[in-house]
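To start, the structure itself, in structure tokens.
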Amino acid sequence: MSVERVCKTIHQYNKKPVSPGDMEKLLAIAKDCQKVKNYVYERFGGIGGLAKLYPGYTVQNEMTRSGLRAELGLPSVYFYLAIFDALGDIKSQWTRTKSKLFRLIAKNEEMTEEEKHYLRFLLKVNNAFEAVLNQHSIVLPGDMQRQYEALTEAVDVEKMHRYLCRQVRKYHGKQHTDSANGFSLSMKAYRYENGGVYIATKEKRKRIFIPLTDKNQYDSQIYLKLYPQEHRVEIKVPVQVKVREYAEYSGQVGAAFGMIVMLTTDEGHVYGERLGDYLAEYGEWVREQSKNYNRNRKENPGRKKYRAKKERYEEGLHSYINHELNLFLQTEKPKCIYLPKLPGTGKAGINKKINHAAAIWPRGYIRSRIMQKCRENSVKVVEVLGKDISRECSICGVIGEKQKGLFHCPNCGYQTEEKTNTARNAKKRGMGV
């Protein structure tokens with residue numbers, strides 16, 4: 001029987017400060033990779049590049065003929081990885097655009113079901129989608145063409161095509177990156193040896209040696225992130241690791257996420273108590289920076305220092321979140337976790353400080369990290385959907401009152417912390433109690 005595996009990102013760090021000369025050589029590669037990506041974004045990120053995205057060799061061939069690699073003097077091991085990184089970003093952008101259109105179509109009350117079905121067909125079939133946006137005739141293979149023709153009988157095709165093109169123009173934009181703080185490396189661009197890693201530069205047969213804090217060696221594509229101000233680098237390595245199973249992980253745990261306290265269990269245990277402080281500090285800083293930037297916009301203030309500090313804030317926040325999630329799993333030892341589905345972004349309120357904190361609440365990151373960690377440890381996650389899960393009494397089921405972080409039931413008199421009540425409801429609903 002095959003062993004189940006899951007992808008995990010391993011981080012490696014330099015043991016000694018990277019010299020200014022070596023850092024300059026690495027930054028030169030990163031800046032060139034940035035130029036390659038922006039070239040690909042501009043040339044293939046629009047509707048004209050749709051037909052060339054899959055499988056991507058058309059883009060690769062055109063980029064080879066463009067002469068950009070020779071102009072930059074960038075080794076092919078970096079040039080082509082930058083191309084395919086950019087292609088991956090463009091594909092992700094199109095996926096987000098299509099998801100947006102699916103939601104808009106579902107909410108459109110002026111369309112008939114036949115029209116919605118026709119538009120969904122166009123979004124799902126890449127050849128049809130590309131043909132509509134580029135105003136070409138839709139020609140599909142075999143049964144798919146007959147299916148398409150059957151769908152056209154009940155709709156105004158031209159009207160639907162105009163609607164689709166209009167929405168794509170509105171919501172899809174070409175990407176651009178100002179970031180030049182890292183780049184991807186294939187196995188031909190690096191090798192582990194002598195307690196560190198040798199990295200190819202733009203000079204032929206010249207490699208930079210970076211001693212590492214560990215002696216682990218990997219044989220996959222890696223990503224090198226640069227921190228020039230701190231004279232350090234970080235290597236990110238995606239690896240396939242075995243899924244771990246622990247006999248002592250046997251509990252059934254209800255949990256609720258929050259913006260002040262990250263996670264509360266059905267037993268009232270809390271993890272990430274300082275999340276609210278992190279978000280308040282970060283949100284206040286973002287708010288002040290936005291005010292200063294808008295006030296001095298005419299003088300064209302730079303954003304380099306802003307982005308660097310913002311990145312440090314986010315890295316500290318992510319580190320704290322991961323530490324608390326690890327502590328949660330090690331302490332609670334769950335076999336199954338029941339979670340209410342995290343809410344989407346709501347409308348802004350009156351208090352601007354709260355708005356900024358809510359806007360930067362990393363709900364998506366928290367969810368993705370707990371999902372990843374649960375996969376790695378064979379912990380099942382059940383997301384619970386349900387109306388009024390935070391307002392319903394977990395004892396008697398009557399709708400209660402929430403005030404100042406506490407839940408009170410007017411029927412049975414039960415009173416507890418609001419998130420504890422939510423976590424208990426998540427567990428009850430998840431277990432079908």
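Since the structure is predicted, the reported quantities are computational estimates derived from the model, not experimental observations.
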How close do [X] and [Y] get, heavy atom to heavy atom, and via which atoms?
| X | Y | value |
| --- | --- | --- |
| Lys98 | Leu123 | NZ-O, 3.3 Å |
| Ile366 | Trp361 | CD1-NE1, 4.0 Å |
| Asn14 | Val233 | OD1-N, 2.9 Å |
| Tyr192 | Leu212 | CE2-CD1, 3.7 Å |
| Thr420 | Asp266 | CG2-O, 3.8 Å |

Parallel, tilted or perpendicular: rings of Trp285 and Tyr313 (30°, 60°): tilted
Whether Tyr198 and Phe209 hold their rings parallel, tilted or perpendicular, with breakpoints at 30° and 60°: tilted
Side-chain donor or acceptor of Glu324 paired with backbone N/O of Leu263 under 3.5 Å: no
For [X], I'd like to know if atom [atom1] has over 12 heavy atoms of other residues, nucleotides or ligands within 6.0 Å.
| X | atom1 | value |
| --- | --- | --- |
| His318 | NE2 | yes |
| Glu314 | CD | yes |
| Lys174 | NZ | yes |

Close side-chain approach of Val125 and Tyr148, heavy atoms under 4.5 Å: no
Note, Pro362 side chain near Leu317 side chain (heavy atom, < 4.5 Å): yes
Stacked cation flag Lys100 on Tyr171, 6.0 angstrom / 45 deg: yes
Contacts of type side chain to side chain contact (heavy atoms under 4.5 Å, CB included), residue Thr213, not counting sequence neighbours: Tyr13, Lys15
Glu130 side chain to Asn134 side chain, donor-acceptor N/O pair below 3.5 angstrom: yes
Pair Arg375-Gln372, side-chain donor/acceptor within less than 3.5 Å: yes
N/O donor to acceptor pairs below 3.5 angstrom from side-chain atoms of residues 78-87, sequence neighbours left out:
from	atom 1	to	atom 2	distance (Å)
Tyr78	OH	Ala200	O	2.5
Tyr80	OH	Thr64	OG1	2.8
Asp85	OD2	Ser184	OG	2.7

